[in-house]
Structure formats: structure tokens, C-alpha cells
Amino acid sequence: MILEHAVLPVVVGREDAFEAAFAQAQGLISRMPGFIDLTLSRSVETPNQYLLLVRWESVEDHDPGFRGSAEYQSWRELLHGFYDPFPVVEHFRPIVGAPEGR
């Protein structure tokens, strides 16, 4: 399992529109091969900053899989205009985890 991590800096004042667009975009990514799940969280201290965590079966499921797909082109059209600057995406392999519900 791979964890994709991206901090999404949304242009101030566009947060509500971003959240609405993300609700649409979520359906695109969730149908992709290798997709497990995702969470989108909003910063308490910096309300225009979001944390996107996506779990994939493999890095290749994300890139080139999702990023090479027609669904990604729709994802880009929905979301990429909200970011300033453009986010950096990294992939992580879990080492240690806490049990659910703690």
C-alpha cells in the first residue's frame, strides 16, 4: 500500500468553490484501478490549506495509472485552477501504524 500526500494551497476566498469541485472530482478518482480510499482535511490554523491523503495499491496505480487517464484530465479541469502555488505530491510507504479507533 502507498500513501499519496499533497498539501493543497487554495487561493484565499475560493475554499467553498474548491470543496464543491472536490466533491465532484472524488468520484473520478474513486473508480480508478488500485484506488483504496482518500481523506481531504482542512487546516484549522490556515483555512485555505488542505491535506489530501490517497491510499493506492501501488505508486504505478497513481502514476502513470490515474495521471495517464481521461479521468485525470477531468480532475485537472475541476481542481488545478484553485492552487497557488501548485502542490507537491509525494508517495509514502507505511512503516508503523496505530490500530483503528485510537
In terms of the angle between their ring planes, are F18 and F22 parallel, tilted or perpendicular, with boundaries placed at 30° and 60°? tilted
Does I2 form a side-chain contact (heavy atoms from CB on, under 4.5 Å) with H62? I'd like the steps, not just the answer. CA-CA 9 Å; I2 295 296; H62 178 230; over 6 Å; no
Would V89 and R67 satisfy side-chain contact (heavy atoms from CB on, under 4.5 Å), going step by step from the backbone distance to the final call? CA-CA 12 Å; V89 175; R67 284 195 170 174; 3.5 Å; yes
Using modelled atom types and a 3.5 Å cut-off, is there a donor and acceptor pairing between side-chain atoms of N48 and backbone atoms of V11?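 No.
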Report yes or no: does E15 contribute a side-chain atom to a donor-acceptor pair with the main-chain N or O of G13 at less than 3.5 Å?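 At least one qualifying donor-acceptor pair exists.
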Taking all non-hydrogen atoms of both residues, which atom of [X] and which atom of [Y] are closest, and how far apart?
X: P85; Y: P9; result: O-CG, 2.9 Å
X: Q26; Y: W75; result: N-CZ3, 4.4 Å
X: F82; Y: A21; result: CE1-CB, 3.7 Å
X: D61; Y: G34; result: OD2-CA, 3.2 Å

Report whether [X] and [Y] are members of the same hydrophobic cluster (ILVMFWY, side-chain heavy atoms less than 4.5 Å apart, transitive linking).
X: Y50; Y: L52; value: yes
X: L79; Y: L38; value: yes
X: L28; Y: L40; value: yes
X: V44; Y: V7; value: no
X: L8; Y: F86; value: yes

Could you tell me the separation between the [atom1] atom of [X] and the [atom2] atom of [Y], rounded to the nearest 0.5 Å?
X: H80; Y: Q73; atom1: NE2; atom2: CD; result: 9.0 Å
X: T39; Y: L3; atom1: OG1; atom2: CG; result: 8.0 Å
X: E4; Y: L53; atom1: CD; atom2: CG; result: 8.5 Å
X: H5; Y: H91; atom1: NE2; atom2: NE2; result: 11.5 Å
X: I29; Y: F66; atom1: CD1; atom2: CZ; result: 4.0 Å
X: Q49; Y: R42; atom1: CD; atom2: CZ; result: 11.5 Å

If you define the side chain from C-beta out and look only at heavy atoms, does anything of Y72 sit under 4.5 Å from M32?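 Counting from C-beta outward, Y72 and M32 never come under 4.5 Å.
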